[in-house]
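One structure is given below, encoded as structure tokens.
Numbers for residues simply follow the sequence, beginning at 1. Bear in mind the structure is a predicted one, so any value in this text is a computation, not a measurement.
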Amino acid sequence: MRQLHRARRAVVVATVATLALTAAACTAPTTAEPSTPSGDTTIGMNQLQYLGTHNSYKRQPSAWLILLLKLGAAAFPGLAGQGLDPAQIDYGHRPLTDQLDSGLRSFELDVWADPTGGRFAKPLAAQFLGQPYPTGMDAPGFKVFHIPEVDYLATCPTLDACLTEMRHWSDAHPGHLPITIDIELEQDALPAPFDVTPIQQFDAPTLDSLDAEIRSALGDRLITPDDVRGSAPDLRTAVTRPGSGGGWPSVHDSRGRFLFFMDNPGTLPLRYLDGHPSGAGRVMFTSDGFDRPDAAVLKVNEPGDGSGIAALVRQGFLVRTRADADVVSPGVDRAAALSSGAQMVDSDFPKGEPQAGTGYVVSFPTRVQARCNPVNTTPMTCTAAAAVEPTSRPPS
């Protein structure tokens, strides 16, 4: 009976929070939004909160593919628990340029290694359904998509294409707020009977190649671990101890720039850091080093009640969380994620992409999807004008 009461109370709380946030998201600002940034030299980039997308590159699967997966799930019930639940992949996003235009500043890319090219050019589902193969998959290089053989459609199928698109947008919008990109390195094969393509592991040379590709596209725009560490002994010290010789750049100094972090836990970040203590010389931050010297960006996908994330934010860490992890029934985590102070709050239903039927969306009522962080850090002098971007464009 006690569990039943708890469940009912959780439903009521989630419902009230969802209705309140939906109303806030749909309400126009009460005052005119500033059109010129100001006050952004006195606050760090960690003192804003940015909205973004989960699986930002993902295109909507075809109806035929979803039907095929439903039949497969019926024949192999265990597949749903291994990421192949058709209901949980039946969504997609607009091209990255459109998302950037809508004000989003946080993104996630799933990256697969393909050093010889063509590894993912002929997905099993496309062959079975007689559908066109994805484009851009033949040349060597890192590929971007969700699940091999099955959920393979992307608005930018290669990492180079994704980064080039973002670079072009950045060139056309000087003064934009920093863009954070969560790179999830994918190297797990699918379960049988879908494990037909051998997967390249991210060994040391492959990780070096990944860094080189990111530098090639955005080298002069990057915020790297070296930039944040400064003269501090390590990243943790740099972001948690003011006056240590390092720290997050100001919002002003981070405009027009990109910050990358590795989504993966476990052995991959340790391999990436091998020979690069505290990320020295590397492009990406790690995100699992809660107790390590390389801790600066931390991933906490499940916000809980938000208090754990708030504590990390107050210490000086940059935190990424998700407002929704269930595509079918989102909304339970939205209120906690937004109030937690996590600087990067990602959703599958951002501004301009509400869930069909329910209208569920995660958005701010501003042109740029960023705001002063709701969790105070020291010093906290943020005003709304610090979170805006210039409205004027350079002459063409």
Side-chain angles (χ1 to χ4, degrees), residues 50-62 65 89-115 117-123 125-126 131-173 176 178-187 197 200 202 206 209-219 221-222 257-263 283-284 344 346-353 369:
Y50 315 82
L51 298 185
T53 45
H54 165 249
N55 291 340
S56 309
Y57 56 85
K58 191 177 179 307
R59 286 174 54 191
Q60 185 91 23
S62 72
L65 176 58
I89 66 171
D90 192 11
Y91 69 96
H93 292 300
R94 297 163 292 174
L96 298 178
T97 297
D98 294 348
Q99 294 182 50
L100 286 161
D101 282 342
S102 75
L104 299 177
R105 298 294 177 263
S106 176
F107 299 88
E108 180 190 31
L109 302 176
D110 290 344
V111 175
W112 302 78
D114 185 16
R119 182 183 301 265
F120 306 106
K122 299 178 180 179
Q131 295 184 336
Y133 295 143
T135 60
M137 306 295 273
D138 291 323
F142 295 98
K143 305 303 189 294
V144 174
F145 59 89
H146 192 209
I147 303 173
E149 318 300 349
V150 179
D151 197 9
Y152 51 82
L153 294 177
T155 60
C156 49
T158 68
L159 179 60
D160 181 67
C162 295
L163 300 185
T164 298
E165 182 178 353
M166 287 186 160
R167 175 66 187 245
H168 288 164
W169 184 91
S170 178
D171 288 343
H173 298 79
H176 65 77
I179 295 169
T180 59
I181 302 177
D182 174 358
I183 297 287
E184 184 166 356
L185 306 181
E186 301 287 359
Q187 57 179 9
T197 298
Q200 169 73 33
F202 278 87
T206 307
S209 295
L210 177 61
D211 267 12
E213 185 155 319
I214 296 173
R215 285 192 188 278
S216 177
L218 297 165
R221 306 285 179 90
L222 294 172
R257 301 172 71 186
F258 295 76
L259 181 147
F260 288 77
F261 64 95
M262 182 191 300
D263 187 280
V283 167
M284 298 186 291
M344 299 162 284
D346 291 352
S347 170
D348 286 316
F349 304 101
K351 178 183 178 181
E353 298 180 16
Q369 296 294 279

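Taken from CG in L163 to CE in M166, the straight-line distance is 7.5 Å, to the nearest 0.5 Å. Note that NE2 of H93 and CD of E353 are 5.5 Å apart. Values are rounded to the nearest 0.5 Å. Residue H173 holds its NE2 atom at 5.0 Å from CG of D101, rounded to the nearest 0.5 Å. One distance of note links CD1 of I179 with CG of L259; it measures 11.0 Å at 0.5 Å rounding. Rounding to the nearest 0.5 angstrom, the gap separating the CG atom in D138 from the CZ atom in R119 is 13.5 Å. Residue F120 holds its CZ atom at 13.0 Å from OG1 of T158, rounded to the nearest 0.5 Å.
Contact check for L96 versus C162: side-chain heavy atoms found under the 4.5 Å cut-off. A 4.5 Å side-chain heavy-atom check between Y152 and Q131 finds at least one atom pair inside the cut-off. Counting heavy atoms from C-beta on, the side chains of P178 and R257 never come closer than 4.5 Å. The closest side-chain heavy-atom distance from L153 to P61 is not below 4.5 Å. When side chains are defined from C-beta on, D110 does not count as touching K58, because their heavy atoms never get closer than 4.5 Å. The shortest distance between side-chain heavy atoms of P148 and W112 falls below 4.5 Å. Side-chain contact check for N55 versus E108: some heavy-atom pair is nearer than 4.5 Å. Using a 4.5 Å cut-off on side-chain heavy atoms (C-beta onward), R94 and S102 make contact.
Taking the six-membered ring where tryptophan is involved, the planes of Y57 and H146 are tilted, since the angle between them lies from 30° to 60°. Taking the six-membered ring for Trp and thresholds of 30 and 60 degrees, H176 and W169 have ring planes inclined between 30 and 60 degrees apart.
Taking both residues in full, the closest heavy atoms of Q60 and G92 are given as OE1-N, 3.2 Å, listed atom of the first, atom of the second, then distance. Of all heavy-atom pairs spanning D114 and A139, the tightest one is OD2-O, 4.2 Å. Contact record, P115 with A113: CD-C, 3.7 Å, taken as the closest heavy-atom pair. Shown here for P123 and P134, the closest heavy-atom pair between the two residues is CD-CD, 3.5 Å. K143 and G136 make their closest contact through CE-O, 3.8 Å (heavy atoms, listed as atom of the first residue, atom of the second, distance). Nearest heavy-atom pair across C156 and V144 is O-CB, 3.6 Å.
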Self-check item: Residues F145, D151; criterion side chain to side chain contact (heavy atoms under 4.5 Å, CB included); working and verdict
Solution: CA-CA 7 Å; F145 59 89; D151 197 9; over 6 Å; no

Practice problem: Please step through side chain to side chain donor-acceptor pair (under 3.5 Å) for the pair H54 and D346, ending with a clear verdict. | Solution: CA-CA 5 Å; H54 165 249; D346 291 352; over 6 Å; no

Practice problem: Please lay out, stage by stage, how F258 and I214 fare under the test side chain to side chain contact (heavy atoms under 4.5 Å, CB included). | Solution: CA-CA 10 Å; F258 295 76; I214 296 173; over 6 Å; no

Exercise. Using the side chain to side chain contact (heavy atoms under 4.5 Å, CB included) rule, take L185 and T206 through it: C-alpha gap first, then chi angles, then the decisive distance, then the call.
Key: CA-CA 11 Å; L185 306 181; T206 307; over 6 Å; no

Practice problem: For side chain to side chain contact (heavy atoms under 4.5 Å, CB included), just list the numbers for F202 and M262, CA-CA rounded to whole Å, side-chain angles, deciding distance to a tenth of an Å, and then say yes or no. | Solution: CA-CA 12 Å; F202 278 87; M262 182 191 300; over 6 Å; no

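Although no hydrogens or angles enter the test, the distance criterion places a donor-acceptor pair under 3.5 Å between the side chain of R167 and the main chain of A217. Remark: side-chain polar atoms of Q369 are not paired, donor with acceptor, to backbone N or O of G52 under 3.5 angstrom.
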